[in-house]
Amino acid sequence: MADSEVATKSPESDALEDIPVAEPTEHTTVPSNTVDSSSTSAAAPAPALCNDCTSDRPTPAGQKSTGEIIKLNDIDVYVSKPADYPHTPSKLLLLLTGGTGLHSVNNQIQADRFAQDGGFVVVMPDLFEGDPAPNSTTALSPEELPTTDVGTRSTATTSSFLDIFKIKAAETAKSFLIDMWLARHTEDKIMPILKKVLDGVRDEFADAVAYGDGIYAAGYCIGGRYVLLLARQQTPAPRKASISERLGGITLPWQHKPAVPAPVPTDLGSSGENNQSGDDLEANKQNKTTGPWIKAGAIAHATLVSKDDFKGLKAPISMVSVENDPVFPDEVRIAGEDSMSENNVEHEVQVYPGVPHGFAVVGEYEDAHIKEAQATAFEQMLKWLADH
């Protein structure tokens, strides 16, 4: 897989092995001989999300959300606060969701848990502007999905064929809908939303930002990738100078007005600082490093992550990962660990066996191992954020 290739595949998470849940480790370094990266080198032909990224598990019995949805800098956000806030100081946590989005009750309960158990003021923005990802029932309505009628054996063969056809049609339709949805919600669309929210929380919850000496972030699935992006430090690429600027501000025939004069390189053909391949020298001087925008981050089973997303990381990161996760392959995870270790970025990584992608998000599971892993993953993320 090329470094810049997005790592996403459709997982096979239905058959789970009965494997004990691993205990979390402190500040895990890059593991040696953990996995043969050659076995994960194949990439999917196009980015895709799995059912766990786009569908909620049943909401735990007797639980409901307790926060509220408000407008913050023109962005819809779900806000959950500790019961004793603002009388007791709290830190500010930005919670970034998977494809189920702002109005998912499970996501709202997740925010409430960080507020109640961790003492954070939690702000969960609508990353998708009221357009959550297509879920498993979007492609076909319930009445269109296949059913089983054991009392009509005379049409069993025909029914079986139709059932298979409907299932395949639903899978194809959903794949197409997800691809279209991903095209609508790219980094170019989501990052400006996050910047507006960051500006909004610095104003609306200035006390919480000041108390934590910055903004903390937790992200699940798609939201996990954006925690990584917020944890990076970047220098904008220099602007290319126009032909006119490179010629000292000469007005060219097709220009309506003289160009703004720019410094002229003394020797366009020489090497050194005067030869920047057409880069605007003045613009280069004005380039400023930006980020990181968060103080520390915690992510769980991130999706749409490439190796390049780990470049420039500066904020401490805790990662909850799924063993043999096709949506976040071991090859990408290990490359990320290597990058963080080489650049002295404080981090911890815990890989959970025997669980499906998406397990760490609030939701009901019958399997005791998944329930235990879910609780352990939340404690891992909460402790990391609280300790930083």
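Treat the numbers as computed from the prediction; the structure is a model and nothing was measured.
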>> Donor-acceptor pair, distance only, cut-off 3.5 Å: does the side chain of His369 make one with the backbone of Asp367?
In response: no
>> Strictly distance-based, threshold 3.5 Å: is any side-chain N or O of Glu364 a donor or acceptor partner for the main-chain N or O of Arg57?
In response: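 Answer holds: no.
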Hey, does [Y] have a side-chain heavy atom less than 4.5 Å from the side chain of [X]?
| X | Y | answer |
| --- | --- | --- |
| Leu230 | Met191 | yes |
| Asn73 | Val197 | no |
| Leu194 | Trp293 | no |
| His388 | Glu346 | yes |
| His103 | Pro132 | no |
| Leu228 | Phe310 | yes |
| Ser306 | Val332 | no |
| Asp76 | Lys71 | yes |

Closest contact, heavy atoms only, [X] versus [Y]:
| X | Y | result |
| --- | --- | --- |
| Ala231 | Ile317 | CB-CD1, 3.9 Å |
| Pro292 | Lys314 | CG-CB, 3.9 Å |
| Val79 | Val123 | CG2-CG2, 4.4 Å |
| Ala300 | Ala360 | CB-CB, 3.9 Å |
| Val351 | Val322 | CG1-C, 4.1 Å |
| Lys91 | Gly212 | CG-CA, 3.8 Å |

Spatial distance of atom [atom1] ([X]) from atom [atom2] ([Y]) [nearest 0.5 Å]:
| X | Y | atom1 | atom2 | value |
| --- | --- | --- | --- | --- |
| His185 | Asp131 | NE2 | CG | 3.5 Å |
| Leu313 | His347 | CG | NE2 | 10.0 Å |
| Asp213 | Lys295 | CG | NZ | 4.5 Å |
| Leu92 | Phe205 | CG | CZ | 7.0 Å |
| Asp126 | Ile193 | CG | CD1 | 7.0 Å |
| Asp207 | Tyr85 | CG | OH | 3.5 Å |

> Residues in side-chain contact (heavy atoms from CB on, under 4.5 Å) with Asp56, at least two apart?
Replying inline: Thr100, Ser104, Asn106
>> Less than 3.5 Å apart, any donor N or O on the side chain of Arg113 or Gln63 sitting next to an acceptor on the other?
In response: yes
>> If we count only N and O atoms by modelled type, under 3.5 Å, do the side chains of Asp112 and Ser65 hold a donor and an acceptor together?
In response: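 Asp112 vs Ser65: no donor-acceptor pair found between side chains.
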When you check the gap from the basic side-chain N to the acidic O, do [X] and [Y] get nearer than 4.0 Å?
| X | Y | answer |
| --- | --- | --- |
| Lys383 | Asp387 | yes |
| Arg184 | Glu129 | no |
| Lys371 | Glu366 | no |
| Asp199 | Lys196 | no |

> Which residue, Glu348, Gln350, Met340, Met381, forms the side chain to side chain contact (heavy atoms under 4.5 Å, CB included) with Met319?
Replying inline: Met340
> Should Ile69 and Leu102 be marked as a side-chain contact (heavy atoms from CB on, under 4.5 Å) after you check the CA-CA gap, both sets of side-chain angles, and the distance that decides it?
Replying inline: CA-CA 9 Å; Ile69 295 177; Leu102 179 74; 4.2 Å; yes
>> Does the plane of the ring in His301 sit parallel, tilted or perpendicular to the ring in Tyr220? Use 30° and 60° as the thresholds.
In response: tilted
Cluster question for you: counting only ILVMFWY and a side-chain heavy-atom cut-off of under 4.5 Å, with indirect links fine, are [X] and [Y] together?
| X | Y | answer |
| --- | --- | --- |
| Leu93 | Val362 | no |
| Val105 | Tyr365 | no |
| Ile109 | Val320 | no |

>> Pair Leu385, Phe114 - check side-chain contact (heavy atoms from CB on, under 4.5 Å), show working.
In response: CA-CA 10 Å; Leu385 295 168; Phe114 277 108; 4.1 Å; yes
>> side-chain contact (heavy atoms from CB on, under 4.5 Å), that's the test. Do Phe120 and Leu382 meet it? Break it down for me.
In response: CA-CA 10 Å; Phe120 289 95; Leu382 190 62; 4.1 Å; yes
> Does atom OH of Tyr211 have more than 12 heavy-atom neighbours, drawn from other residues, nucleotides or ligands, at distances under 6.0 Å?
Replying inline: no
> What's the verdict on side-chain contact (heavy atoms from CB on, under 4.5 Å) for Asn107 and Tyr78, showing C-alpha distance, side-chain angles and the deciding distance?
Replying inline: CA-CA 10 Å; Asn107 289 340; Tyr78 178 84; over 6 Å; no
